[in-house]
Asks: 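Just dropping this structure here.
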Amino acid sequence: MSDLTELQASALVAISAAASVKTIDELRVELLGKRGKIAAAMATLATLPVDERKDFGQRVNGVRDAITAAIPARHEQLAAAELNQRLAAETLDISLPPATVRTGKIHPISQTIDEFIAIFGEMGFSLAEGPDIEDDEHNFTRLNFPPDHPAREMHDTFYLPPRKNGEGNLLLRTHTSPVQVRTMMGQKPPIRIIAPGRTYRSDSDQTHTPMFHQIEGLVIDRSTHMGHLKSCLTEFIHGFFESDDIPLRFRPSFFPFTEPSVEVDIGCSRADGKLLIGNYGDWLEIGGAGMVHPNVLTACGLDAAVYQGFAFGMGVERMAMLKYNIPDLRTFFAGDSRWIEHYGFSVWDLPSLVSSPSLTAGAGDLRPVAGGAKK
Amino acid sequence: MKLSRSWLNSPRAVDGLSFGESDEVIAATLTRLGLEVEQLTRRGSELAPFSVGKIIRAEPHPNADKLRLCQVETNQGRQQVVCGAPNARAGLTIAYAPSGAVIPRTGAVLKPTAIRGVESSGMCCSGWELLLSEDHDGIIELPGHWAVGTPLAEALGLNETVFEIATTPNRADCLGVAGIRRDLAAAGLGRPRPLAPLPPIAEAYPSPIGLRLETGAESLCPYFTGRLVRGVTNRPSPPWLVELLLSVGMKPISALVDVTNYLLYEFNRPLHVFDAAKIRGRITVRRAQEGESFTALNGKDYQIPTGSVVIADDAAVLSLGGVMGGAETGVSLDTTSVFIESAYFTPSAIARAGRMLNLLSDSRSRFERGIDPQSCLTGLELATRLIIELCGGEASGVVTVGATPPRPQPIAYDPMLVERLGGLAIPEAEQESILGRLGFGLVKGTEWQVTPPDWRGDCRLPADLVEEVLRIADYDRIPLEPLPRPSGLPLRAIGLATARQMRLRRLLAARGFDESVSWAFVSHGDAERFGGGEAGLVLLNPIAADLSDMRPSALPNLLAAAGRNLARGESRFAQFEIGPGFRDASLKGQRNLAVALRVETDTAEEWLSTESDQTGFFAMKADLLALLEAVGIGSDGLNFERGAPNWYHPGQSAVVKLGHKTVLGCFGVLHPSVLSDYGLVGRVTALELEIDALPLPKLRAGKARPKLEASAFQKLHRDLAFVVPRDMAAGVLLRAARAVDRSLVAGVTLFDLYQGAGLPEGMKSLALRIVIQPKTATLTDAEIEALCDKIVTAVE
């Protein structure tokens, strides 16, 4: 009798004293298993007198029930404690940096060209491209440069040997106008193209590099005139600088390939040695333009009595420098990681007039910093 | 071209125009006429500390041969000034800078100092230091009548405004002040003064010097005129002339020379004066023979290009026609008789000669842009008149050879063209008035006949007249008119190739490479090393020796940039460039390349990585696969072959091909010798991708996608290990396994490579995981077994 009482008491003590899930599992086997203590107690039932059996059996069942109830409770308790312990042991230093996944930056020249494409694309222009190595014919002659024009001189233009004996020297295009020539020669008006690309001039100082980028535009049809030219460039400037408060000035100038010719100025301020674009009373030249010269139309196979239109050209680096306040032209080509990190653009800054809150919108513009200019 | 206010309003101007408008109005009008005022300077304030001084005594410096010790009378009393100018001498009236003055050219503040042990206070200035000219051979010599202490700006005629005008090449006529006055007057500025008629010049005797124009030279110098003036006394020019010349930065020399410079600047009429006593026989205009040389007025000797036009006497070449006179027959203060040349030289002849001689002069720049071809005789008259006025003497009759070039032809002009090209309707009367004010002759009819004035040889076409009318009318009057939109929606601005290139650019940046833009030229050594150096791509006139060849690839530029960045202490470098690489000079020789370079000198974060690519090869391979995938090229059709160019590590580089023929590019670890040449260490990998070689997808009309076939049955996988020789490529194994029963095998990946203990010598173990996707029914064990057997057979 007292054996059973003791069995229950000692079992419950052992269960509550168990320190691990493993011990509990061992206790379960020791107490409730086929060869366990409860089973052993029950085995003695047969040795008892018949009238005691029922009572004994009930008491054994009582002990088994008590133990059976105690084990899962303790098991759960211990499992929870052990899990907590494991979790505590697995604690990380959450301040350790993750694997560095550096994202590179887009060069301001590419970004600026993409911006040009976004704006002029909305105005119905499409992109045209041509080779960097050109000949005199496409770079000068068909563009109405007279034979002795100084731009043809060796100190202005880079020359390469001729392709074949008897041919003239090849040259590195000095502007992207050969693309205009190739376009006019290869397609019937109406024409509306922009031609960005590398251009080369034999010049190297603080403000000139032997290679730079230009973007030119060409519109040819039967009726495009200087009013369209003024409007087109005004819309472009307002779109590019993202401000309608920039005055433009169109003044007479001279280029061999346009007549009448204009130079285009935009409003600026130079007060305190700082250049600001806007309606401030001073002027800054940004490019040349004009009505395509009749001689150029003729040289490119178009009837100058029927077709007319305008062309314009701008420096890509210069426009980038003005918009983003980048101080030094030479740094564009130096491959300095600090420079590109600072002046470059996020891959997400996809220029668009329609799908962005601003022309070049993205992470850059989500920073809480006012203005487009870089510090 | 510099235009001073005093020259603009010169009372000597024969057009009689003077301008009362403010500097600002004049500047704004010039700019809107196409004569852009780049700078408007009022030198008076800048030159305020400077004043007129007089050298009282000039003695040799005790300790230096080339220096002189000058006692200078100044507004601050007598000062001792050490001066190195060869023309510093007693009695000279000079430009004095006191201590404390800021020298305009250098921005330096002048301080009292000791030069070779002798005290020196202040400075005698040259025109160079004061930004008046490029001449720093000597100090400024002022006319003697200026009193000591007079503000220098006043003595130099600079107490006024100078407009710096950017004259466009077509407006040679505005290289003379008279031409600028004409444009301003056409725009409604200024007022004419009444002019007294000029008396005719008395021709006292026939010219004793004859002229001859040699056959063959007429095309270079169609017309040549001249005359002798004898009994002249050359002397310094009078103050009005000296001040005019100084006001635009020209150096007064002597009356005879100054007269020619005055007329050059006033009328865009270059002239030349010879000391007639030194002319032997008659003057011949001819082409230079081979081997002729001469000493020019600037003191330099020149080999005259054969065939260029020279002015010669019976003995020698006197001057390079239209470019520069000769030293031998130049006038001096001793000259008593002078032969005046007023000629017309063909622009192309002068441009060619000047270019070959590399000789710049005011005369050359005017002739090569084109002066008024009809101005020879009027120029000669004006010069004669001024020389007699300033130097006395009597003039001979005029001698001429050749003929004046033809005058401009009338242009058939439709006044409606202004509106058609310019977008601004300008009434006929206004157009007529504008053209008239500019000197154009006009005969009206159904079509107008407009004859440009002699000085506007640049106007040849109706479009030129449109520009004339519009620029005087004002470009600002042209109303803005938006370009018509061809359709409601904008057209597509870029094509597939451009879009693909934009995507590659942004993907490379997203994968950690900064974009670079670098020179399209490299050194010849770099070109040869990286697969270029072809003779047709070597520039004839490179800007620097190390920028001599069109680059075969941007790789050498990226390597050099990496070297520079690492030298600054950076531990990693990753940049790319999308741009041209040149194979040859043909149109197809220019290839569009994406080139990327990555350099890592330190290990990655060790707490993060359990295994790493020791070479960086596979990181670059991953970049390459990502780029190709972004333009629609999956890894299935790709072949990675050995044989990358020799700037790569031969065992850790690959040529990537689409199929077996189309080379898309190469990538891998760079060769150790390249690393040492560029001072690079660490893991250095590169990728060169030929963008133009990537096949363009065909644009499909429809955008509908095929139906998704998602299997209802569970995927299962089986792992198979193969022991193969070490030099067997895993790719071969993978390809073989993938080729088996594509209806069931959804993928084969390599998950383990083992080579070490437990394997036979020279063998390795490759473990493949086969992913099986049943589509119609669950597979039985036997079916799976059979499939695996097929794979094992295929691989073996």
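Throughout, protein chains are lettered first and strands after them, A, B, ... in sequence-line order, and every chain is numbered starting at 1.
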Asks: Would you mind telling me which of B:Ala561, B:Gly536, B:Ala562 has the largest number of heavy-atom pairs within less than 4.5 Å of chain A?
Replies: B:Gly536
Asks: Go through the atoms of A:Phe332 and report whether side chain, backbone, both or neither lie under 4.5 Å from a heavy atom of chain B.
Replies: backbone
Asks: Quick one: which of B:Ala535, B:Ala351, B:Pro169, B:Pro479 has the most heavy-atom pairs under 4.5 Å with chain A, could you say?
Replies: B:Pro169
Asks: Pairing donors with acceptors under 3.5 angstrom, does anything connect the side chains of B:Ser518 and B:Arg551?
Replies: yes
Asks: Check whether any side-chain N or O of A:Lys105 sits under 3.5 Å from a backbone N or O of A:Ile340 as a donor-acceptor pair, and report yes or no.
Replies: no
Asks: Distance from B:Ser516 atom OG to B:Glu577 atom CD, nearest 0.5 Å?
Replies: 4.5 Å
Asks: What part of B:Tyr475 gets within 4.5 angstrom of chain A, counting heavy atoms only: side chain, backbone, both, or neither?
Replies: both
Asks: Please check if the distance between the ring centroids of A:Phe255 and A:Phe145 is under 6.0 Å.
Replies: no
Asks: Do you know which of A:Ala304, A:Pro161, A:Ser126 has the most heavy-atom pairs with chain B at a distance under 4.5 angstrom?
Replies: A:Pro161
Asks: Using non-hydrogen atoms and a 4.5 Å limit, figure out which bit of B:Ala560 sits close to chain A: side chain, backbone, both or neither.
Replies: neither
Asks: Step by step, would you call A:Phe250 with B:Asp476 a side-chain contact (heavy atoms from CB on, under 4.5 Å)?
Replies: CA-CA 7 Å; A:Phe250 297 84; B:Asp476 281 352; 5.6 Å; no
Asks: For A:Ile109, which atoms come within 4.5 Å of any heavy atom of chain B: side chain, backbone, both, or neither?
Replies: side chain
Asks: Which answer fits A:Gln308, side chain, backbone, both or neither, if we ask what part of it has an atom under 4.5 Å from a heavy atom of chain B?
Replies: side chain
Asks: Using a cut-off of under 4.5 Å on heavy-atom pairs, state which of A:Pro260, A:Ala334, A:Gly104, A:Pro252 scores highest against chain B.
Replies: A:Pro252
Asks: Determine the option with the most heavy-atom pairs under 4.5 angstrom with chain B, choosing from A:Glu263, A:Arg163, A:Arg249, A:Glu285.
Replies: A:Arg163
Asks: Side chain from CB out, backbone as N, CA, C, O: work out which of these in B:Glu368 comes under 4.5 Å of a heavy atom of chain A, or both, or neither.
Replies: neither
Asks: Side chain from CB out, backbone as N, CA, C, O: work out which of these in B:Arg420 comes under 4.5 Å of a heavy atom of chain A, or both, or neither.
Replies: both
Asks: Counting C-beta onward and ignoring hydrogens, is there a side-chain heavy-atom pair between A:Leu171 and A:Asp135 closer than 4.5 Å?
Replies: no
Asks: With a 4.5 angstrom heavy-atom cut-off, which part of A:Ser202 approaches chain B: side chain, backbone, both or neither?
Replies: both
Asks: Once you round to the nearest 0.5 Å, how far does CG of B:Leu540 lie from CG of A:Leu170?
Replies: 9.5 Å
Asks: Should A:Asp203 and A:Arg201 count as an ion pair when the cut-off is N to O under 4.0 Å?
Replies: no
Asks: Heavy atoms only, distances under 4.5 angstrom: which of B:Met550, B:Glu419, B:Glu515, B:Glu468 has the most pairs with chain A? Name it, please.
Replies: B:Glu515
Asks: Determine the option with the most heavy-atom pairs under 4.5 angstrom with chain B, choosing from A:Thr224, A:Asp114, A:Thr234.
Replies: A:Asp114
Asks: At a 4.5 Å cut-off on heavy atoms, which part of B:Arg355 comes close to chain A: side chain, backbone, both, or neither?
Replies: side chain
Asks: To the nearest 0.5 Å, how far apart are CD1 in B:Ile494 and CD1 in A:Ile194?
Replies: 10.0 Å
Asks: For A:Asp132 and A:Tyr200, which I'm curious about, is there any donor-acceptor pair between the side chains at under 3.5 Å?
Replies: yes
Asks: Does any backbone or side-chain atom of B:Arg568 lie under 4.5 Å from a heavy atom of chain A? Answer side chain, backbone, both or neither.
Replies: side chain
Asks: Going by distance alone, is a donor N or O of one side chain under 3.5 Å from an acceptor N or O of the other, for A:Ser110 and B:Arg505?
Replies: yes
Asks: What I'd like to find out is whether the side chain of A:Glu317 reaches to under 4.5 Å of the side chain of A:His213, using heavy atoms alone.
Replies: yes
Asks: Look at A:Asn295, A:Ile133, A:Leu160 and state which one has the largest set of heavy-atom pairs under 4.5 Å with chain B.
Replies: A:Leu160
Asks: Could you state the interatomic distance from CG (B:Leu30) to CG (B:Asp183), rounded to the nearest 0.5 Å?
Replies: 8.5 Å
Asks: Supply the atom-to-atom distance A:Arg198 CZ to A:Glu129 CD, rounded to the nearest 0.5 angstrom.
Replies: 11.5 Å
Asks: Which region of B:Val538, side chain (C-beta onward) or backbone (N, CA, C, O), has a non-hydrogen atom less than 4.5 Å from a non-hydrogen atom of chain A, or is it both or neither?
Replies: backbone
Asks: Just give me the residue among A:His293, A:Glu259, A:Met211, A:Met123 that pairs up with chain B most often, heavy atom to heavy atom, under 4.5 Å.
Replies: A:Glu259
Asks: With a 4.5 angstrom heavy-atom cut-off, which part of A:Asp221 approaches chain B: side chain, backbone, both or neither?
Replies: neither
Asks: May I ask you to test the B:Arg506-A:Leu350 pair for a side-chain heavy-atom distance under 4.5 Å?
Replies: yes
Asks: Picking from B:Asn541, B:Asn557, B:Ile478, which has the most non-hydrogen pairs under 4.5 angstrom with chain A?
Replies: B:Asn541
Asks: When heavy-atom pairs shorter than 4.5 Å are enumerated against chain A, which of B:Thr168, B:Leu35, B:Leu547 gives the highest number?
Replies: B:Thr168
Asks: Quick one: pull up CD1 in B:Ile543 and CH2 in B:Trp519 and give me the separation to the nearest 0.5 Å.
Replies: 9.0 Å
Asks: Considering only heavy atoms, which portion of B:Ala574 lies under 4.5 Å from any heavy atom of chain A: side chain, backbone, both, or neither?
Replies: neither
Asks: Which bit of A:Leu172 comes within less than 4.5 Å of chain B, counting heavy atoms only: side chain, backbone, both or neither?
Replies: side chain
Asks: Would you mind checking which part of A:Ser261 comes under 4.5 Å of any heavy atom in chain B, side chain (CB onward), backbone (N, CA, C, O), both or neither?
Replies: both
Asks: Given that the side chain runs from C-beta out, which part of B:Leu587 has a heavy atom under 4.5 Å from chain A: side chain, backbone, both or neither?
Replies: both
Asks: Please state whether the side chain, the backbone, both or neither of A:Glu134 comes within less than 4.5 Å of a heavy atom of chain B.
Replies: neither
Asks: Quick one: what part of B:Leu470 sits under 4.5 Å from any heavy atom of chain A, side chain, backbone, both or neither?
Replies: side chain
Asks: What part of A:Arg102 gets closer than 4.5 Å to chain B, counting heavy atoms only: side chain, backbone, both or neither?
Replies: both
Asks: Let me know if B:Thr498 has heavy atoms under 4.5 Å from chain A in its side chain, its backbone, both or neither.
Replies: side chain
Asks: Quick one: what part of A:Met291 sits under 4.5 Å from any heavy atom of chain B, side chain, backbone, both or neither?
Replies: side chain
Asks: Taking the six-membered ring for Trp, are A:Phe120 and A:Phe125 parallel (under 30°), tilted (30 to 60°) or perpendicular (over 60°)?
Replies: perpendicular
Asks: At a heavy-atom separation under 4.5 Å, does B:Pro484 approach chain A through its side chain, its backbone, both, or neither?
Replies: both
Asks: Decide whether A:Arg330 and A:Ser204 meet the rule of one side-chain donor and one side-chain acceptor closer than 3.5 Å.
Replies: yes
Asks: Checking the side chain of B:Arg503 only, and the main-chain atoms of B:Ala630 only, is there a donor and an acceptor separated by less than 3.5 Å?
Replies: yes
Asks: Of all of B:Asp464, B:Leu508, B:Val517, which one pairs up most often with chain A through heavy atoms under 4.5 Å apart?
Replies: B:Val517
Asks: Would you mind reporting whether A:Leu229 and A:Val262 have side-chain heavy atoms less than 4.5 Å apart?
Replies: yes
Asks: Need one label for A:Pro131: side chain, backbone, both or neither, based on atoms under 4.5 Å from any heavy atom in chain B.
Replies: both
Asks: Non-hydrogen atoms of chain B under 4.5 Å away: do they reach the side chain of A:Glu235, the backbone, both or neither?
Replies: side chain
Asks: Is it the case that the side chains of B:Asn592 and B:Gln501 hold a donor-acceptor pair, with the cut-off being a distance below 3.5 Å and no angle test?
Replies: yes
Asks: Counting only heavy atoms closer than 4.5 Å, note whether B:Asn170 contacts chain A via side chain, backbone, both or neither.
Replies: both
